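In this text the structure is predicted, and so the values were computed from the model without any measurement. For reference, positions follow the sequence shown, starting with 1.
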Amino acid sequence: MNEASLPLGSPAAADVVTPAASPARPRAVMAAAIGNGLEIYDFTVYSFFAATIGRLFFPTSSPLASLLLSFATFGAGFVMRPLGAVLIGTWPTGADARRRSR
């Protein structure tokens with residue numbers, strides 16, 4: 001019988017131990033939320049100024065080509081963020097490596 005099938009008022013439900021939240025968890029959640037907010041802000045500002053960035057940093061004879069090059073740069077950043085998270089997320093930190101070596 002798992003804890004989801006126990007009635008809330010039963011004595012067996014009182015014996016179920018739930019893990020306590022770590023004191024560092026709210027801080028980590030807040031740091032992740034701030035980081036994601038800054039990332040969204042960065043991509044939003046870049047997309048608003050894509051035409052200007054294309055004209056200044058990718059000067060070509062065609063304004064459409066400049067804009068497409070600017071959006072290609074934006075797309076590369078958009079694709080690399082999750083790819084980097086997958087690659088770097090699997091990288092063990094010093095604490096993980098010490099824990100695994102025991």
Q: Cluster question for you: counting only ILVMFWY and a side-chain heavy-atom cut-off of under 4.5 Å, with indirect links fine, are M80 and L87 together?
A: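 Yes, one cluster joins them.
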Q: Are L69 and F49 connected into the same hydrophobic cluster when the rule is that any two of I, L, V, M, F, W, Y join if their side-chain heavy atoms are below 4.5 Å apart?
A: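 In one cluster: yes.
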Q: With sequence neighbours left out, write down each residue that passes ring pair (Phe, Tyr, Trp, His ring centres under 6.0 Å) with F74, or none if nothing qualifies.
A: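 For F74, the residues satisfying ring pair (Phe, Tyr, Trp, His ring centres under 6.0 Å) (neighbours in sequence not counted) are F43, Y46.
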Q: For T60, which residues count as a side chain to side chain donor-acceptor pair (under 3.5 Å) partner, sequence neighbours excluded?
A: S66
Q: As an exercise, state the distance from CZ of F58 to OG1 of T73, rounded to the nearest 0.5 Å.
A: 3.5 Å
Q: Please tabulate, for side-chain N and O atoms in residues 33-41, each donor-acceptor pair with protein atoms closer than 3.5 Å (sequence neighbours left out).
A:
{"from": "N36", "atom 1": "OD1", "to": "R81", "atom 2": "NH2", "distance (Å)": "2.7"}
{"from": "N36", "atom 1": "ND2", "to": "A32", "atom 2": "O", "distance (Å)": "3.3"}

Q: Any link between L56 and I53 through a network of hydrophobic side chains (Ile, Leu, Val, Met, Phe, Trp, Tyr) touching at under 4.5 Å?
A: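 They do share one cluster, since a chain of ILVMFWY contacts under 4.5 Å joins L56 to I53.
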